[in-house]
Amino acid sequence: MAVPSGRHLLQIPGPTNVPERILRAMARPTIDHRGPEFRELTLEVLENLKPVFNTSGPIVIFPGSGTGAWEAALVNTLSPGDKVVMFETGHFATLWRGMAEKLGLDPHFVPGDWRHGVDPDVLENLLHDDRHHALKGVAIVHNETSTGLTSRMAAVRRALDRAVHPALLLVDTISSLACMDYRHDEWGVDVTLGGSQKGLMLPPGLSFNAISEKALAASRQTRLAKSYWDWKPMLEANKVGFFPYTPATNLLYGLRESLHMLREEGLANIFERHQRHAEATRRAVKAWGLEILCLDPAEYSSSLTAVLMPPESNADQLRQVILEQFNMSLGNGLGKLQGKVFRIGHLGDFNDLMLAGTLSGIEMGLTLAGVAHSRGGVAAAFDYLTQAAATRQRQTSEVAPA
Ligand SMILES: Cc1ncc(COP(=O)(O)O)c(C=O)c1O
């Protein structure tokens with residue numbers, strides 16, 4: 001393989017490309033995590049995170065990966081043997097179910113085909129039939145990173161309301177936070193889980209729990225064993241700007257910068273940008289004559305697109321050709337999708353020309369790997385991106401002073 005030149009394109013659906021601004025913000029000396037400068041940093045990031053989750057309640061930050069956020073959400077809100085409804089939307093939902101079992105919970109895993117999100121009617125019926133409220137939690141992966149589908153959270157909330165059921169709602173937004181509209185308070189979510197390495201544009205290493213009052217009250221009674229992930233000492237220390245153990249100081253510098261960047265661009269613009277790149281990608285995939293894994297357009301993900309390979313071709317071979325020839329990483333098929341699917345990440349710090357490069361690399365790779373496809377995917381995406389840019393240009397000139 002030739003020595004790669006230029007920038008590597010990290011088009012897996014997270015970790016995402018880390019912008020220079022964040023890299024530079026992190027490249028500073030580590031400070032005393034019990035001193036006054038650190039206190040200000042903690043208080044600033046905890047406050048500025050709230051609009052990202054759309055909450056006025058507390059958020060805790062753990063040094064840890066998304067898996068830690070899963071564990072924290074479960075161990076703080078539930079007790080041994082508690083029943084939890086979970087939905088088989090893909091690999092990550094399956095892993096979370098496995099964790100629930102290991103922790104001594106009793107998950108009710110609603111089977112799925114990995115091509116559809118959570119069915120709110122199924123949830124409503126389950127809750128409705130649970131007259132004695134044996135179900136203590138509903139745990140949902142908002143954006144299934146393994147399959148590229150997004151469950152409809154507003155409809156999930158309505159299902160819970162219609163069933164008048166007190167189960168706690170736990171939602172994994174690890175690959176949707178700061179990419180798609182998300183409303184912790186309005187949707188009555190009890191714990192929202194996040195991770196640093198996707199829409200927040202940071203390296204991996206931070207995970208989040210946004211906590212409702214109901215979840216906090218529950219956490220005072222629940223009996224699953226917890227220590228590192230216990231919210232209580234974390235919330236107490238956070239009140240005065242500190243952590244109960246050594247925090248990931250330099251990642252917090254990065255988080256502060258990320259939150260500034262999100263505020264400068266504006267969340268509504270960020271969501272629109274993610275939708276635009278997702279739509280352009282889907283147009284390319286359709287023009288290639290390949291199939292999008294997600295079957296319901298209402299559940300298409302704005303963060304990533306999972307593409308099914310023709311049955312005679314292997315996705316990992318295509319990914320290898322693209323990595324070797326064009327210095328770009330694409331996401332692999334996870335679990336039972338291994339070799340059958342490749343995933344295009346279009347989330348985080350990303351723009352039209354980065355997407356154009358990504359799709360160009362895939363189109364060239366499809367030819368080199370001998371995958372049956374039609375040409376014209378890149379052109380279809382270009383047309384869409386050009387139209388979208390023309391609309392933006394018109395709108396800017398309409399609002400500009402004469
Ligand atoms: C939706 C979702 N949940 C959970 C995880 C697990 O997070 P981590 O690998 O950071 O532990 C991931 C990882 O990509 C994810 O995409």
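Owing to the predicted nature of the structure, the values given are computational and were not obtained by experimental measurement. Here, residue 1 is the first one in the sequence, and each next residue gets the next number. Order of appearance sets the numbers: ligands from 1, and atoms from 1 within every ligand.
- Taking a cut-off of under 4.0 Å to the non-hydrogen atoms of Gln197, the atoms of ligand 1 that pass are 10 (O).
- The backbone N or O of Leu10 sits nowhere less than 3.5 Å from a side-chain atom of Ser329 that would complete a donor-acceptor pair.
- Atom 2 (C) of ligand 1 has Asp172 OD2, 3.4 Å as its closest protein atom, hydrogens excluded (heavy atom only).
- The atoms of ligand 1 that sit less than 4.0 Å from any heavy atom of Val141 are 1 (C).
- Taking the six-membered ring where the residue is Trp, the centroids of His133 and His165 are separated by under 6.0 Å.
- Between Phe350 and His277, the ring planes are perpendicular. Angles over 60° get that label, and only those under 30° would be called parallel.
- Looking from atom 4 (C) of ligand 1 to the surrounding protein, the closest heavy atom is Trp70 CZ2, 3.2 Å.
- A donor-acceptor contact shorter than 3.5 Å links the side chain of Thr16 to the backbone of Lys198.
- Residue Thr173 places no heavy atom under 4.0 Å from ligand 1.
- Ser303 places a side-chain N or O within 3.5 Å of a backbone atom of Ser175 that can act as its donor or acceptor partner.
- Among protein heavy atoms, atom 13 (C) of ligand 1 sits closest to Phe92 CE2, 3.4 Å.
- Ion pair Arg183/Asp181 flagged as a salt bridge, since at least one NZ, NE, NH1 or NH2 atom sits closer than 4.0 Å to an Asp/Glu carboxylate oxygen.
- The closest approach between a heavy atom of Lys198 and any atom of ligand 1 is below 4.0 Å.
- Here Phe242 and His33 keep their ring centres 6.0 angstrom or further from each other.
- Using a 4.0 angstrom heavy-atom cutoff, Trp96 does not count as in contact with ligand 1.
- Remark: Arg319 is not positioned above the aromatic ring of Phe342, lacking an NZ or CZ atom under 6.0 angstrom from the ring centre and at most 45 degrees off the axis.
- Ligand 1 lies nowhere less than 4.0 angstrom from a heavy atom belonging to Glu144.
- Residue Ser65 has at least one heavy-atom neighbour below 4.0 Å for each of these atoms of ligand 1: 8 (P), 10 (O), 11 (O).
- Every atom of ligand 1 is numbered from 1 in the order shown, and the set under 4.0 Å from a heavy atom of Asn143 is 1 (C).
- Residue-level proximity to ligand 1 for Thr67 is carried by backbone and side chain together, each with a heavy atom below 4.0 angstrom.
- Ring geometry, Phe243 versus Phe38: the interplanar angle exceeds 60°, so the pair is classed perpendicular (tilted spans 30 to 60°).
- When non-hydrogen atoms are compared, ligand 1 lies under 4.0 Å from neither the backbone nor the side chain of Leu95.
- Classified by interplanar angle (parallel below 30°, tilted 30° to 60°, perpendicular above 60°), the ring pair Trp70/Trp96 is parallel.
- The closest protein non-hydrogen atom to atom 15 (C) of ligand 1 is Thr145 OG1, 3.5 Å.
- Applying the 4.0 Å criterion to heavy atoms of Gly66 picks out, from ligand 1, the atoms 7 (O), 8 (P), 10 (O), 11 (O).
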